[in-house]
Number of protein chains: 2
Amino acid sequence: MAKAILNVVRPEEADTQSGAARVFTAFRDWLLSGELKAGDRLLAERELANVLGVSRPVLREALRSLAMLGLLDIQHGRGAYVRAADASVLGQALTLCLAPEPNILDDVLQARIAIECQAIRLACERVSERDLQALAGMLDTLVDSLDDPKTGGRADYAFHLAIVKASGSSALSKMYEAISPLLMRSHVERRRDTFREPAITSHLVDAHRAVFLSLVQRDPDAAEARLREHFKIGDELRRNNLITNYQNEASRT
Amino acid sequence: MAKAILNVVRPEEADTQSGAARVFTAFRDWLLSGELKAGDRLLAERELANVLGVSRPVLREALRSLAMLGLLDIQHGRGAYVRAADASVLGQALTLCLAPEPNILDDVLQARIAIECQAIRLACERVSERDLQALAGMLDTLVDSLDDPKTGGRADYAFHLAIVKASGSSALSKMYEAISPLLMRSHVERRRDTFREPAITSHLVDAHRAVFLSLVQRDPDAAEARLREHFKIGDELRRNNLITNYQNEASRT
DNA sequence: GTCTGTCCGTGGTCTGACCACTAGCAGGAC
DNA sequence: GTCCTGCTAGTGGTCAGACCACGGACAGAC
């Protein structure tokens, strides 16, 4: 009886798409248009199926798909709630897209540089006093945690993320968060062996300070240049360190 | 009987996740690990359900979810095939993530600048003769199609995409393709009213030529600078044009 | 007032059946 | 011999109804 509802919603696609896909598309568009907001509670499955004019299995297939995407939070015994789409969805999609590619880790690093360099330019225009104070605090944390690879890594990431957020661009922020799981994979691998090297730790502090100062001075060109330098030198130091380690290994055997 | 299979696959999650989610995760990981490759044909639903030890509805919920994500191609009467994850998934995820944000269009433009500026730096190192010839061809197309907003827009996009691809970084390429649908939305809006302005069209040609030349000379700093200039001037021209249009409108009424 | 058990509404799962589509094959018409 | 037609087996698509498992609210016992 109520089958008409979905046909009304998308008359042009009603013929080509089958049940579950139709329901899924409808929900996606309701989310996109803001008709459904985060926190909203959906009707019970049985009722919703009736209203939409489909059977419960079909409805469930659509709801599950949305849940897998992270758009819905379905709780056993309680109901289904609309969830704000966060970057984890993006991250998973990115991981899936990039999975078959070779050298993803280096490649993701390029994406990181891209996002951060643009973000810091914007941040130079838009950063607030509050942001700067927060960044200064992170810089302190970073210096304090130099000898702990785990805390240090987190502080490092937090500092860079804060810069991206200070850009005020949610697109850049979301994309940065999306690549962060992949970034971490390469990050921890690299930091594990290098955190004790004085050359690296001292560079770490200097570089972050320099970037921060450029941000305080709101000088986009300098900020980007210093950030690029930071990435470049960091990369070289790690590479040299790997060579040294390798040579030590070789001479020992 | 065969229920053990999935428990073996993910013993740690078997208790916390329920049927469909377990199957979904298993498939996702098979895809990530390469155990399932693009083009592979899945078993029939009834059979697969038996093998995995779940009922058909549960299996279907998982398969549908994968299909909605674009990872599976389910064809009525033929079967289910593994599909290579393309950027469209990413694009959809990004659109969903950014939907509630204000100023997405301007924001996405920032992401575009970020990706292209880094891409062209890489491209300066990695671009091949073949790529350069292709780019030269695109430049000609672009000049020839200045008077047609539709073809012109496509040529413009093709040129920029080609630069990103020339970076050799699939992460950058995929992300660029992911934002392109959103990019298009702002692009066509802007190009619609501006393609007839001589100041804009002449800038368009000069800027693209300058970027291309820097690429030929493999000068990353110059290439990025010219690209940034292109974006900046383009933005200003469009803005001025909007003001002029607005004033014309105003004086007419 | 607090604890506890029951009940109701919710999602989770299953079974078995039927429909719709595709492709391949066999049989007939030419 | 070739082409067309219709059947058939296998596949996904949908459905109805039932039962289980979980969560919360309410009423009763202490």
Side-chain angles (χ1 to χ4, degrees), chain A residues 1-7 9-10 13-27 36 39-83, chain B residues 1-7 9-10 13-27 36 39-83:
Chain A
M1 38 122 202
K3 182 157 281 177
I5 291 183
L6 276 175
N7 291 337
V9 172
R10 309 194 64 75
E13 290 183 14
D15 299 332
T16 58
Q17 287 193 347
S18 52
R22 213 165 54 234
V23 176
F24 177 85
T25 315
F27 270 99
L36 283 174
D40 285 359
R41 186 180 185 283
L42 264 52
L43 292 175
E45 287 186 357
R46 292 165 179 80
E47 200 172 347
L48 205 49
N50 260 329
V51 172
L52 297 180
V54 294
S55 68
R56 194 150 85 100
V58 170
L59 175 75
R60 278 183 57 82
E61 285 175 17
L63 293 186
R64 272 246 96 91
S65 301
L66 292 160
M68 298 296 177
L69 268 167
L71 267 43
L72 236 47
D73 189 13
I74 303 180
Q75 294 173 35
H76 193 166
R78 299 196 53 211
Y81 298 83
V82 177
R83 185 155 62 181
Chain B
M1 39 126 199
K3 183 158 282 177
I5 290 182
L6 277 175
N7 292 338
V9 172
R10 310 194 64 76
E13 290 183 14
D15 299 331
T16 59
Q17 288 192 346
S18 50
R22 213 165 55 235
V23 176
F24 176 85
T25 315
F27 269 100
L36 281 174
D40 284 0
R41 185 181 187 282
L42 264 50
L43 292 175
E45 288 186 356
R46 292 164 179 81
E47 200 171 348
L48 205 49
N50 261 329
V51 173
L52 298 179
V54 293
S55 67
R56 193 150 85 101
V58 170
L59 175 75
R60 275 182 60 82
E61 286 175 15
L63 293 186
R64 269 250 103 85
S65 300
L66 293 160
M68 297 295 177
L69 268 168
L71 267 43
L72 235 48
D73 189 14
I74 305 180
Q75 294 171 38
H76 192 167
R78 299 195 55 210
Y81 298 82
V82 177
R83 183 155 65 179

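The figures that follow rest on heavy atoms only: side chains count, while hydrogens, waters and symmetry mates do not. Letters A, B, ... are given to chains in the order of the sequence lines, protein chains preceding strands, and every chain is numbered from 1.
Atom CG of residue L72(A) and atom CG of residue D40(A) lie 10.5 Å apart, to the nearest 0.5 angstrom. Between the CZ atom in R83(A) and the CG atom in L66(A) there is a gap of 11.5 Å [rounded to 0.5 Å]. Here the straight-line distance linking atom CG of L63(A) with atom CD of E45(A) works out to 6.0 Å at 0.5 Å rounding.
Not one N or O on the side chain of R64(A) forms a donor-acceptor pair closer than 3.5 Å with the backbone of V58(B).
For residues 68-77 of chain B, proximity to DNA chain C is found at H76(B), G77(B), defined as any non-hydrogen atom under 4.0 angstrom from a strand atom. If you check residues 55-67 of chain B against DNA chain C, the residues with a heavy atom closer than 4.0 Å are S55(B), R56(B), P57(B), V58(B), listed by number.
Dashed line: the shortest gap from a side-chain N or O of R78(A) to OP1 or OP2 of dC22(D) is not under 4.0 Å.
Nearest heavy-atom pair, R78(A) versus R41(A), reported as atom, atom and distance to 0.1 Å: O-NH2, 2.8 Å. The minimum heavy-atom distance between A67(B) and I74(B), with the atom names listed, is CB-CD1, 3.8 Å.
Considering only heavy atoms from C-beta on, L71(B) stays 4.5 Å or farther from V82(B) through its side chain.
Regarding E45(A), its CD atom lies at a distance of 15 Å from the C1' atom of dC15(D), rounded to whole Å.
Not counting sequence neighbours, E47(B) has no partner by the side chain to side chain donor-acceptor pair (under 3.5 Å) test.
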